[in-house]
Every structure is written in structure tokens, then in C-alpha cells.
Amino acid sequence: MGSPTPPFPADRRAHMEQLRRAEHARRRRTRALLAAGAAALVLTLGAGGALLANATDSGGGGDRAPAARDGAAREDSGDGKNPGEAPHPAHPGEPHPGEAAPGGTASPGEAAKPPPPAGVRSWDASKLGRDHVSGKVSYPMTPPVGGNHHDRWMTCDGIAYERPVRDENAVHSLEHGAVWVTYSKKARKADIAALANKVGRTPYTLMSPYDGQRDPLTLTAWGKQLSVDSAKDPNVDRFLAAYVQGPQTPEKGATCSGGLTR
């Protein structure tokens with residue numbers, strides 16, 4: 001008699017082993033996919049919650065600090081905008097607010113400005129008028145930091161004027177993002193010469209004598225002002241770096257060339 005026939009031939013057992021291995025592999029892949037999907041869902045829900053929280057924070061109301069009185073300065077606590085004021089129409093050589101002048105640099109591509117120096121006095125930009133006028137304006141601060149002004153600006157591409165300039169024209173230069181350096185009779189000749197040299201190397205600046213100011217040397221931008229006693233004060237360079245075409249500029253990119261020169 002021959003040997004009894006085994007219940008499962010060898011090839012059948014091998015085939016069943018392959019099926020079991022395939023089933024185990026399929027289950028491992030399924031578990032891995034389920035785990036990955038759960039992790040992705042957790043991340044998505046977390047990101048959505050963060051976005052919702054940010055949106056709530058940025059859009060939230062809350063009480064705001066009361067605005068400074070007209071003509072009253074405060075220590076610098078941020079750069080004000082002009083949210084509730086309709087901008088005046090542009091005139092020849094001047095773009096509309098927010099529009100870059102020919103050859104200008106658009107805001108999104110600009111490098112971030114450094115922080116302003118300590119001691120900068122600030123005025124509420126929403127209270128500084130921007131209408132064009134033909135007559136004299138009575139400004140509540142000296143030198144003026146903004147307000148209604150003449151429709152022609154003083155050329156402010158690094159010019160040191162030897163004589164006083166009209167407030168209403170200089171204020172228009174501030175609106176274009178210029179810094180106006182002024183000096184009184186108390187200023188030393190060496191400081192005047194040093195600042196004139198610095199202004200001559202700095203676009204969007206102008207300089208002039210100003211007999212009515214209290215301090216020897218004053219730097220003024222739109223809504224911002226700093227007084228110093230010496231041209232060597234490091235805050236001079238800090239003020240120029242922060243406010244020449246700085247974030248306080250109502251008409252950023254507007255030209256400083258082609259204005260009045262006397």
C-alpha cells in the first residue's frame with residue numbers, strides 16, 4: 001500500500017500562506033492610512049481654529065484710547081492713519097494717495113522701517129487736514145507737522161534752503177513723505193553745516209531756518225516731531241531712517257521734485 005495522501009498539497013499550503021501574508025499587508029496599509037488621515041484631520045482642525053481666533057482678534061471692537069486734542073502732541077505710540085478722511089484730488093506731478101509715483105517703489109516691496117527714536121512727539125493724523133488752500137494757515141504747532149496746505153510743495157529732494165520757506169508749502173512736502181529739518185538762531189553754525197550736508201545726501205528731505213521754533217534743531221515729518229540740541233545726536237539719523245517716506249506718509253511715493261524752490 002502506498003503512503004496516505006496529505007490533506008493539503010504543498011503548493012496549496014504555499015498559496016494559502018501567500019494569501020495570509022497579503023491580507024496582513026493590506027490590513028497594515030489600511031491602519032496606516034487611517035492613522036495618517038486622523039492626523040491630517042487634527043492638523044486641519046487646529047489650523048482652522050487658529051485662523052478663526054486671529055480673525056476674531058483682528059476684527060474685534062473694544063474701546064480705543066481717546067484721540068489727542070488738536071495741536072496737542074503725545075509721545076510716539078504708533079503711526080496714525082487718516083481713516084475717516086476723504087483724500088483730496090491729485091494735481092499735476094502728484095499721484096493719488098496710495099499710488100506710486102513714476103519710478104517710485106510700491107509699498108509691498110519695501111523693507112520694514114526701523115523703530116522711531118525715543119522722545120518723538122506725535123499728533124493724531126486723523127485731525128490733520130489735507131485740503132488745498134491758497135491763503136495762510138494758522139497751525140497749532142511750530143513748526144507745523146501737518147494740516148491744510150498750499151497746492152504746491154517745496155522741492156524736497158535733499159535741499160537746504162538758506163531762507164525761511166512758507167509753512168503751507170513745506171507741509172505739502174511732509175504729506176509726500178519728506179522730513180523737514182529746521183533750525184533757530186540758537187543753533188550752532190557747525191550743527192547747521194553738518195545737518196545741511198546730511199540733508200544733501202538724503203532724498204525726501206529739506207532744511208530751512210525757522211525763527212519761531214523753541215529749540216535749536218527740529219526734525220518734522222507728517223504728524224511727528226523731534227527736537228535735538230546737536231547734529232551729532234544719534235536720534236537725528238534714527239528719525240530720518242524711520243520717517244523719510246515712512247508709514248506715517250499720507251501720499252507715499254508722491255514726488256519731491258518739481259515743486260517750489262523759493
Side-chain angles (χ1 to χ4, degrees), residues 79 87-114 116-117 120 125 128 130 132 139 143-183 187 191-210 213 217-226 228 231 235-262:
D79 297 305
H88 62 68
H91 40 74
E94 178 182 6
H96 289 280
E99 177 184 52
T105 303
S107 297
E110 292 180 342
K113 287 284 189 178
V120 172
L128 298 176
R130 291 177 53 201
H132 286 170
Y139 295 105
V145 301
N148 296 338
H149 48 268
H150 198 269
D151 63 352
R152 297 294 302 277
W153 58 94
M154 290 302 299
T155 298
C156 45
D157 50 3
I159 294 184
Y161 296 95
E162 295 181 356
R163 297 181 179 180
V165 300
R166 186 179 176 185
D167 283 352
E168 292 78 10
N169 301 119
V171 167
H172 197 158
S173 300
L174 302 182
E175 187 183 41
H176 288 198
V179 167
W180 182 19
V181 180
T182 53
Y183 56 94
D191 288 328
I192 296 173
L195 286 176
N197 182 57
K198 189 182 296 290
V199 164
R201 294 183 282 107
T202 308
Y204 280 92
T205 60
L206 70 159
M207 179 175 173
S208 68
Y210 203 103
Q213 73 181 35
L217 306 169
T218 301
L219 290 85
T220 304
W222 186 269
K224 309 289 181 181
Q225 195 167 84
L226 175 71
V228 296
N235 284 332
V236 171
D237 288 337
R238 292 172 185 155
F239 189 95
L240 292 172
Y243 294 124
V244 167
Q245 281 283 283
Q248 83 292 339
T249 304
E251 294 185 3
K252 203 165 190 177
T255 183
C256 243
S257 302
L260 298 177
T261 55
R262 61 179 182 180

Provide the closest heavy-atom pair for [X] versus [Y] in the form atom of the first, atom of the second, distance.
X: Leu174; Y: Gly146; answer: CD1-N, 4.4 Å
X: Pro143; Y: Thr218; answer: CD-CG2, 4.1 Å
X: Thr155; Y: Thr261; answer: OG1-CG2, 3.7 Å
X: Tyr204; Y: Thr255; answer: OH-CA, 3.9 Å
X: Pro117; Y: Asn235; answer: CB-OD1, 3.1 Å
X: Pro114; Y: Ala242; answer: O-CB, 3.7 Å

I'd like to know if the side chain of [X] reaches the main chain of [Y], judged simply by a donor and an acceptor atom lying under 3.5 Å from each other, with no hydrogens or angles considered.
X: Trp153; Y: Ser257; result: yes
X: Arg201; Y: Gly158; result: no
X: His176; Y: Ala178; result: no
X: Gln245; Y: Gly253; result: yes

**Item:** Results of salt bridge (Lys or Arg N to Asp or Glu O under 4.0 Å) for Arg238 - residues two or more places apart only
**Value:**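 Salt bridge (Lys or Arg N to Asp or Glu O under 4.0 Å) check on Arg238 returns nothing, list empty.
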
**Asked** Among all residues two or more places apart in sequence or in another chain, which pass the salt bridge (Lys or Arg N to Asp or Glu O under 4.0 Å) test with Asp191?
**Response** Arg188

As an exercise, state the distance from [atom1] of [X] to [atom2] of [Y], rounded to the nearest 0.5 Å.
X: Thr182; Y: Tyr161; atom1: OG1; atom2: OH; value: 14.5 Å
X: Leu206; Y: Met154; atom1: CG; atom2: CE; value: 7.0 Å
X: Asn169; Y: His150; atom1: CG; atom2: NE2; value: 6.0 Å

**Prompt:** Any side-chain heavy-atom pair from Pro250 and Arg130 closer than 4.5 angstrom?
**Reply:**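 Side chain of Pro250 against side chain of Arg130, heavy atoms only: contact under 4.5 Å found.
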
**Prompt:** Can you find a pair of side-chain heavy atoms, one from Leu128 and one from Trp222, that are under 4.5 Å apart?
**Reply:**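 Sidechains of Trp222 and Leu128: in contact.
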
For [X], what residues pass the side chain to side chain donor-acceptor pair (under 3.5 Å) criterion, not counting sequence neighbours?
X: Asp237; result: Lys198
X: Ser208; result: Trp180
X: Thr220; result: Gln225

**Asked** Under 30°, 30 to 60°, or over 60°: which ring-plane class applies to His172 and His132, parallel, tilted or perpendicular?
**Response** tilted

**Prompt:** With sequence neighbours left out, which residue pairs that include part of residues 253-262 fulfil the salt bridge (Lys or Arg N to Asp or Glu O under 4.0 Å) condition?
**Reply:** none

**Qualifying salt bridge (Lys or Arg N to Asp or Glu O under 4.0 Å) pairs, either residue in residues 154-167, two or more places apart** = Arg166-Glu168

**Prompt:** With Val179, which residues qualify under side-chain contact (heavy atoms from CB on, under 4.5 Å), at least two apart?
**Reply:** Val181, Thr205, Leu219, Ala221, Phe239, Leu240, Tyr243, Val244

**Complete:** Across all chains, not counting sequence neighbours, the side-chain contact (heavy atoms from CB on, under 4.5 Å) partners of Ala187 are Tyr183, Ile192, Pro216, Leu217

